[in-house]
Amino acid sequence: MTTRIAVLVSGGGTNLQALIDARNRGELPHGELALVVSNNKDAYALERAVKAGIPTAVCLREKGEDREVFEARLAAILQANDIDMLILAGFMAILSSIFVSRYPDRIINVHPSLIPSFCGEGFYGLRVHRAALDYGVKVTGATVHFVNEIPDGGRIICQKAVDILPGDTPETLQRRVMEQAEWVLLPRAAELVAQQLAGRK
Ligand code: GAR
């Protein structure tokens, strides 16, 4: 039995690509990348999914729309696709505690810092790296964690440290953190959690 995984994305989808590449190398034996859902219809991640033969869905939150209404649509898409586990891979929206409580220990997220540094509401994408550089830390990294009702507050699954180098910009640092940490950690954590869930099916 494999765990049916939906990957939630908003942008470029390099973490999605890392999951696809791991799958193609046979490194995700307990998980099936069953669906990619984007809350941005122009996300390049959608093209990556199509190229990899993974079904896609777009779930937009309209301007001024209540989060519950958006989440009800998202939940319907996930249910219709029999999804067991969610991976937030650059998904730039915070899910409500009601939504999250439907998937206890079944949602994981990749965050581009060593939690509890530079995390929580307002810390996403390049902003995280800018904050690390502004603070002057010499080491940063990435974290994969379970998602609970606290933004970036769920139980940590794995972390990897990455050096900050003289002359780094948010962009150079983001790239190094992705290459050395995120793209390595996320597929490993996905397989670990998928394996646990597959055992319970
Ligand atoms: C990644 O660095 C991911 O860790 C970060 O956004 C980027 C998405 O890139 N996520 C967050 O900041 C969430 N708080 P990608 O679309 O190329 O995977």
Side-chain angles (χ1 to χ4, degrees), residues 5-23 28 33 35-52 54 56-59 61 67 74 86-96 99-100 107-135 137 139-164 168-190 193:
I5 300 172
V7 186
L8 273 55
V9 296
S10 301
T14 64
N15 278 289
L16 168 65
Q17 191 64 52
L19 290 164
I20 293 168
D21 293 346
R23 176 199 71 176
L28 195 53
L33 299 178
L35 182 68
V36 170
V37 185
S38 176
N39 65 348
N40 165 14
K41 66 176 173 35
D42 299 320
Y44 184 64
L46 288 169
E47 282 183 42
R48 295 183 190 270
V50 170
K51 277 189 199 140
I54 304 170
T56 60
V58 173
C59 187
R61 183 171 174 189
R67 184 156 67 174
L74 178 59
L86 307 186
I87 299 179
L88 311 188
F91 184 62
M92 300 302 175
I94 293 178
L95 297 167
S96 71
F99 182 93
V100 165
I107 311 178
I108 67 172
N109 177 49
V110 59
H111 183 77
S113 76
L114 293 174
I115 290 176
S117 289
F118 313 116
C119 65
E121 232 167 318
F123 285 98
Y124 56 85
L126 282 173
R127 288 173 182 230
V128 179
H129 303 293
R130 202 168 289 127
L133 291 173
D134 286 350
Y135 198 96
V137 292
V139 175
T140 184
T143 303
V144 180
H145 62 92
F146 285 109
V147 173
N148 67 5
E149 66 287 354
I150 302 160
D152 297 326
R155 195 151 44 87
I156 289 172
I157 302 168
C158 51
Q159 293 186 300
K160 192 163 188 288
V162 174
D163 283 335
I164 291 181
D168 261 338
T169 63
E171 288 77 12
T172 61
L173 184 56
Q174 179 182 54
R175 182 76 193 179
R176 188 175 320 109
V177 169
M178 283 175 157
E179 283 177 359
Q180 295 185 6
E182 296 184 49
W183 301 342
V184 180
L185 291 183
L186 187 61
R188 278 193 205 152
V193 176

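Indexing begins at 1, ligand by ligand and atom by atom, following the structure's order.
Atom 6 (O) of ligand 1 has its closest protein heavy atom at Met92 CE, 3.2 Å. The closest protein non-hydrogen atom to atom 12 (O) of ligand 1 is Gly125 N, 2.8 Å. With respect to atom 1 (C) of ligand 1, the closest heavy atom belonging to the protein is Glu182 OE1, 3.1 Å. Closest to atom 9 (O) of ligand 1 among all protein heavy atoms lies Met178 CE, 3.4 Å. In terms of protein heavy-atom proximity, atom 16 (O) of ligand 1 is closest to Gly13 N, 2.8 Å. Of the protein's non-hydrogen atoms, Gly90 CA, 3.6 Å is the one closest to atom 8 (C) of ligand 1.
Of the candidates Val110, Thr14, Leu126, the one placing a heavy atom closest to atom 10 (N) of ligand 1 is Val110.
Formation of a donor-acceptor pair under 3.5 Å by the His111 side chain with backbone atoms of Gly120 is not found in this model. At distances below 3.5 Å, not a single donor-acceptor pair connects side-chain atoms of Asn40 with backbone N or O atoms of Gly11.
Contact annotation for Phe91 and ligand 1: no heavy atom of the residue comes within less than 4.0 Å of the ligand.
An N or O contact shorter than 3.5 Å links His111 to ligand 1 by distance. Note: an N/O pair closer than 3.5 Å links Asn15 and ligand 1 by distance alone.
Numbered from 1 in the order shown, with element, the atoms of ligand 1 that lie under 4.0 Å from a heavy atom of Phe123 read 14 (N).
Residue Arg188 places its CZ atom among 12 or fewer non-hydrogen atoms of other residues, nucleotides or ligands, all under 6.0 Å distant.
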